[in-house]
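FYI, side chains are in, hydrogens and waters are out, and symmetry mates aren't considered; it's all heavy atoms of this structure.
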Amino acid sequence: MREIIFSNDERLLIGIWREYYYSSIGLREPVREWMYEFVPRYYFIMEEFLRDSKVYGSTCISQVYANYEYYDFETHYSLMRKIWDNKDIVLICGDKIFPHIQYNILDNAKSVAYIYGPILHAYTEFDTLKATIEQISKDKLLLFALGPCGKVLAYTMLQQGYRVIDIGHAIQDYNAYKNRVVMDSAGIAQFFAPDL
């Protein structure tokens, strides 16, 4: 079994899936079915690494439309957009995300610069991405939407003094919501498929 290390860095907020601990009320049926298989299988593995003294966030904040049938989406996105409202941000994301986006959740930022990595196998470009990010002013907020590689990059840049947030699927989620994409089994599968 591979070793997992969670940092004791108080600046670091780690997100875990909220349904490990809360009701599945409001979840879309395909997500609920998946949850009933996933949570029992991985709950005790996760528990081994969680600490009572640490506060954890919810990973679901980046994919509420994909996960929930009943939710106050408008309020959610309004609050999320306040994070980067009128700020200079840099988004590190997959190179195939934006051709599919009609409604950009980041359109209220003061400025947005983009650094693109490969949508698949982004670790192959880790050192190049890291070197590019290191050229950016620490006054800018770094947002990551680059899967597992983005998480490692975000942590690496946090250690170097940058302000970072991994926004996960928030770009696609907001776009799906605004386009009223049908989130049945096929729609959810398409949502989580790589943007090729």
Sequence-distant partners of K151, salt bridge (charged side-chain N to carboxylate O under 4.0 Å, His left out), two or more places apart: D166
Set of side chain to side chain contact (heavy atoms under 4.5 Å, CB included) partners for E47, sequence neighbours left out: Y21, Y43, L50
Any pair counted as salt bridge (charged side-chain N to carboxylate O under 4.0 Å, His left out), so long as it reaches residues 55-78, sequence neighbours left out: none
Please tabulate, one pair per line, all N/O donor-acceptor pairs under 3.5 Å involving side-chain atoms of residues 116-125, not counting sequence neighbours.
from	atom 1	to	atom 2	distance (Å)
Y123	OH	P148	O	3.2
T124	OG1	H121	O	2.8

Verdict with reasoning, I105 to N175, per side chain to side chain contact (heavy atoms under 4.5 Å, CB included): CA-CA 7 Å; I105 194 170; N175 187 64; over 6 Å; no
Gap separating the OG1 atom of T132 from the CD atom of E134, nearest 0.5 angstrom: 9.0 Å
Beyond-backbone contact of L142 with I89, side-chain heavy atoms, under 4.5 angstrom: no
Test salt bridge (charged side-chain N to carboxylate O under 4.0 Å, His left out) applied to D139 - qualifying residues, sequence neighbours left out: none
Residue pairs fulfilling ring pair (Phe, Tyr, Trp, His ring centres under 6.0 Å) with at least one residue in residues 167-187, sequence neighbours excluded: Y65-Y177, F73-Y177, Y77-Y174, Y77-Y177, H169-F191, H169-F192
Distance (rounded to the nearest 0.5 Å) between Q160 CD and K138 NZ: 6.0 Å
CD1 on I61 to CD1 on I167, rounded to 0.5 Å: 9.5 Å
Side-chain heavy atoms of I165 within contact of I83, under 4.5 Å: yes
